[in-house]
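Order of appearance sets the numbers: ligands from 1, and atoms from 1 within every ligand. These numbers come from the heavy atoms of this one structure, side chains and all, not from hydrogens, waters or symmetry mates.
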Amino acid sequence: MAGIEEIVARARETRERAYAPYSGFKVGAVLETEDGDLHCGCNVENASLGLTICAERGALVGALAAGRRKFRRLVLVTDGEEAVPPCGACREVLAEFSPDLPIVSVDGRGGLKEWTLDELLPRPFHLNTTRG
Ligand SMILES: [Zn+2]
C-alpha cells in the first residue's frame with residue numbers, strides 16, 4: 001500500500017509528461033483504487049482548447065480500462081501557488097463512481113489541501129428517466 005508521499009511522487013512524475021503548451025499549467029493525478037492500485041493521468045491540451053483532457057479524467061479512464069471502479073482517493077499535483085480542486089467536469093465524471101471520494105491536492109511548494117468530492121459537488125447530475 002502506497003503512502004501519501006509515494007503517491008504524490010508518482011503524481012509529480014506523471015505531471016512531467018503533461019502536454020500543456022497552451023496554458024503552461026501541467027497537472028498530474030493519481031487515482032488510488034480500494035485495493036491500493038495507482039492509476040496515473042496528466043492533462044493533455046489540444047489546439048481547439050475545448051478538447052483538452054484533464055489529468056483526473058485521464059487517470060479515471062485508465063483505471064476503468066483496467067477494470068477498477070472503486071476508489072480510495074485522488075491525489076493532484078500542480079506547480080501553482082495554491083492547491084487546486086478538480087474542475088467541474090471532472091467532479092461530475094468522478095461522482096459517477098465515487099461520490100464521496102477523498103481528494104488531496106498539492107501545490108508547487110508542497111502545500112496540501114484536502115476535500116471530499118461531495119463537498120466540492122454536493123448535488124451531482126443524475127439521469128431521471130422512466131424507461132420501459
Ligand atoms: Zn477537469
> How close do Pro21 and Glu45 get, heavy atom to heavy atom, and via which atoms?
Replying inline: N-OE1, 3.5 Å

>> Under a 3.5 Å distance rule, please check whether Arg91 uses its side chain to pair with a backbone N or O of Leu120 as donor and acceptor.
In response: yes

>> Closer than 3.5 angstrom, by distance alone: can the side chain of Ser105 be matched with the main-chain N or O of Val84 as a donor-acceptor pair?
In response: yes

>> Hydrophobic clusters here meaning ILVMFWY residues chained together by side-chain heavy-atom distances under 4.5 Å, can you tell me if Leu76 and Ile7 are in one?
In response: no

> Looking at residues at least two apart in the chain, or sitting in another chain, which of them share a side chain to side chain contact (heavy atoms under 4.5 Å, CB included) with Leu51?
Replying inline: Asn46, Ser48

>> Contact between Val93 and Glu56 at the side-chain level, heavy atoms closer than 4.5 Å - yes or no?
In response: no

> Can you count the protein N, O or S atoms that lie less than 2.8 Å from the Zn ion (ligand 1)?
Replying inline: 3

